[in-house]
Amino acid sequence: MCGIVGYVGPRDCSDVLVSALTRLEYRGYDSAGIAVFENGKIEVAKTKGRLSDLSEKMEKEGKPKGHAGIGHTRWATHGQPSYVNSHPHSGKRVTIVHNGIIENYIELKEYLTKKGKTFLSDTDTEVVAQLLDLKYDGDPLDTIHTVIRMLKGSFALGIVFADYPDTVFAVRRESPLIVGVGDNESFIASDVPAILNYTKKYYLMNHDEIVKLTHDGVEFFDSHMLPITKELQEADWDMDAAEKGGYPHFMIKEIHEQPEAIKRTVLPRIRDNMPDLSECGITLENIKDFKNIHIVACGTAMHAGMVGKYVIEGLARVPVNVDIASEFRYRNPLVGEGDLVIIISQSGETADSKAAMSLAKEYGAKTLAIVNAKGSSIAREADMLIYTHAGPEIAVASTKAYMVQIAVMYLFAFQLALAKGRITEDECKSLLTSLMEVPDKVEETLEKVMDDCQYAGSSLVNADSLLYIGRGLDYALSMEGSLKLKEISYIHSESYAAGELKHGTISLITEEMPVIAVATQNALFEKTLSNVKEVRSRGAYVILVCDEECHIGSDVADQIIRVPKIREELMPMLAIVPLQLIAYYTSLHRGNDIDKPRNLAKSVTVE
Ligand code: F6R
């Protein structure tokens with residue numbers, strides 16, 4: 001979490017830093033700050049609150065004026081959000097911004113205190129600033145090199161030295177960092193969208209590499225301080241993808257982008273009406289022998305894995321274990337040679353998912369990453385890699401990334417089922433034909449359910465607690481619906497396998513407990529309907545999500561939201577849309593900050 005940026009070039013540096021940071025606010029938004037060289041001196045402006053508060057403050061008090069500097073938007077880890085804990089942090093001759101966690105900061109702080117250093121903040125970052133200051137020998141590269149060898153944990157650091165005006169240094173370990181280059185200007189940033197206003201060209205930094213930005217260009221050094229050249233990357237996202245484009249929130253824009261995202265993700269992986277994942281390192285030959293699959297991820301990505309489990313087990317008949325990454329990494333999992341571990345991650349930087357992948361490799365399993373962010377750590381370290389092409393997802397609540405993660409789960413399941421001889425080529429073609437219909441059906445769903453979901457949102461606005469129920473794939477989907485609702489509306493909700501209600505949870509049902517039931521699977525429909533009757537007869541207000549062809553009376557539930565019909569294995573890709581929209585509208589009616597929900601950040605690069 002936290003976003004860092006840096007700039008050296010002819011433009012007004014404060015403006016560039018603030019504009020770049022706006023694209024990173026999804027990473028944290030409890031304080032913000034910049035440091036800019038003004039007439040050769042480092043000037044700092046920072047505040048508790050959002051970037052808009054920083055801009056307001058600089059408007060009133062004046063902004064630093066110059067052409068090189070660093071900036072930060074924070075998601076607090078060490079010390080509460082406050083002015084003193086805001087970045088940048090300084091020693092006498094060094095000022096820094098930091099994303100990550102310094103695990104040994106307490107012992108370093110003791111060491112520095114003994115050396116006479118004093119501290120203003122509670123942060124681990126100030127410890128690094130003071131350490132750089134202590135070790136500074138007049139040579140920034142040498143100093144950074146010495147200091148990072150003393151640090152344990154994760155960091156991306158933007159660093160300016162008072163003795164080196166208009167020069168920005170940066171280094172990373174574990175935390176993400178890119179270096180953008182334009183005409184006579186250069187940037188550092190935690191993520192690509194930050195620089196898209198200025199350039200699409202960027203370099204990826206490896207662990208412990210150092211970069212130096214000056215008005216003459218950028219220079220890279222490896223972990224032994226030897227100069228290196230790097231391969232230039234080009235972003236395939238444009239600025240529109242990182243703007244709201246007329247929508248009131250990124251979340252609703254991203255919900256509407258789902259049909260295109262599915263097309264971008266699925267179509268290039270189809271050849272002659274058959275799945276073709278060979279560019280991702282996956283062939284029929286190299287997946288046919290996997291006996292066990294583990295899907296490991298966090299939050300929404302883990303819920304995509306739950307859908308994957310049902311689909312892979314159903315079609316390919318291979319056992320799939322879905323694990324929360326933070327559990328998997330600490331429970332000595334039963335994983336080994338011959339197993340496949342699939343890591344799903346939008347950001348490709350989630351600390352627990354990354355650690356889970358390293359563990360899986362250590363245990364001898366093959367790893368497959370399903371990742372949205374190009375060049376991210378998880379993408380770079382996996383044995384096989386399928387990129388989801390959702391484009392930049394800015395809203396903290398994930399929608400389109402989830403949708404394409406599921407799309408990839410289907411593609412992979414089809415390929416594996418074929419490799420295992422569980423489906424014929426014709427069956428595979430027919431499944432793919434249906435998958436290709438999904439984008440249009442999602443479009444249709446959006447048109448069809450929008451008003452219903454606004455209405456549902458208004459009826460849930462005063463609820464204190466909610467249950468989502470479903471069976472099979474609908475249960476997997478309910479988990480995601482429930483997470484979406486709680487993260488942005490702040491209403492407590494849980495998802496339950498509908499058949500499990502009567503084993504305890506049904507005691508919670510009263511008129512005060514609305515229930516959202518998802519019933520899109522034919523074989524389970526009647527069963528779920530019985531559960532709907534059970535909760536209604538105990539007073540619950542029920543919203544039922546089903547397909548438009550199911551034959552039920554309008555009095556079966558208090559509100560029925562019907563989505564278009566597609567073959568039932570693929571129904572999650574349509575039924576998730578109303579669940580996303582219900583969360584969105586409930587949050588809207590409650591007046592919440594939808595794109596930046598409290599206490600959250602999009603990229604969880606700390607444990
Ligand atoms: C919820 C959400 C989170 C993420 C989770 C994993 O809307 O976005 O639950 O899914 O933090 O993040 P990634 O996919 O980046 O590993």
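Just follow the structure's listing: the first ligand is 1, and inside any ligand the first atom is 1. Here, residue 1 is the first one in the sequence, and each next residue gets the next number.
- Nearest protein heavy-atom neighbour of atom 14 (O) of ligand 1: Gln346 N, 2.6 Å.
- In this structure, Glu349 does not count as a contact residue of ligand 1, since none of its heavy atoms falls inside 4.0 Å of the ligand.
- For Val396, every heavy-atom contact with ligand 1 shorter than 4.0 Å involves the backbone, none the side chain.
- Near Ala301, the atoms of ligand 1 lying under 4.0 angstrom from a non-hydrogen atom of the residue are 10 (O), 14 (O).
- Within ligand 1, the atoms closer than 4.0 Å to a non-hydrogen atom of Ser398 are 7 (O), 8 (O), numbered from 1 in the order shown.
- One N or O on the side chain of Arg380 and one on the backbone of Gly375 form a donor-acceptor pair closer than 3.5 Å.
- When only non-hydrogen protein atoms are considered, atom 11 (O) of ligand 1 lies nearest to Val604 CG2, 4.0 Å.
- Atoms of ligand 1 lying under 4.0 Å from at least one heavy atom of Ala397, given by number and element, are 7 (O).
- For ligand 1, the atoms closer than 4.0 angstrom to any heavy atom of Lys484 are 1 (C), 7 (O).
- Asn85 places a side-chain N or O within 3.5 Å of a backbone atom of Asp122 that can act as its donor or acceptor partner.
- At the top of the distance list for atom 4 (C) of ligand 1, counting protein heavy atoms only, stands Thr300 N, 4.0 Å.
- In terms of protein heavy-atom proximity, atom 6 (C) of ligand 1 is closest to Cys298 O, 3.4 Å.
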Subject >> Stepwise side chain to side chain contact (heavy atoms under 4.5 Å, CB included) test for Ile582 and Leu460 >> reply: CA-CA 9 Å; Ile582 289 172; Leu460 298 176; 3.6 Å; yes
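- Heavy atoms of other residues, nucleotides or ligands lying less than 6.0 angstrom from NZ of Lys48 number 12 at most.
- Remark: side-chain polar atoms of His87 are not paired, donor with acceptor, to backbone N or O of Ala32 under 3.5 angstrom.
- Taking only nitrogen or oxygen atoms, main chain and side chain alike, Thr350 reaches within less than 3.5 Å of ligand 1.
- Atom OG of Ser478 sits about 8.5 Å away from atom OH of Tyr468, to the nearest 0.5 Å.
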Subject >> Test side chain to side chain contact (heavy atoms under 4.5 Å, CB included) applied to Met571 and Leu473, step by step >> reply: CA-CA 8 Å; Met571 280 306 292; Leu473 274 171; over 6 Å; no
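- Residue contacts with ligand 1 for Glu487 involve side-chain atoms from C-beta outward but no N, CA, C or O (heavy atoms, distance under 4.0 Å).
- Thr399 pairs in a side chain to side chain contact (heavy atoms under 4.5 Å, CB included) with only one of the listed residues (Glu257, Glu393, His256, Lys253), which is Glu393.
- Nearest protein neighbour of atom 15 (O) of ligand 1, counting heavy atoms only, is Ser347 OG, 2.6 Å.
- Under the side chain to side chain contact (heavy atoms under 4.5 Å, CB included) criterion, Asp208 pairs with Ile148, Phe155, Arg173, Ser223, not counting sequence neighbours.
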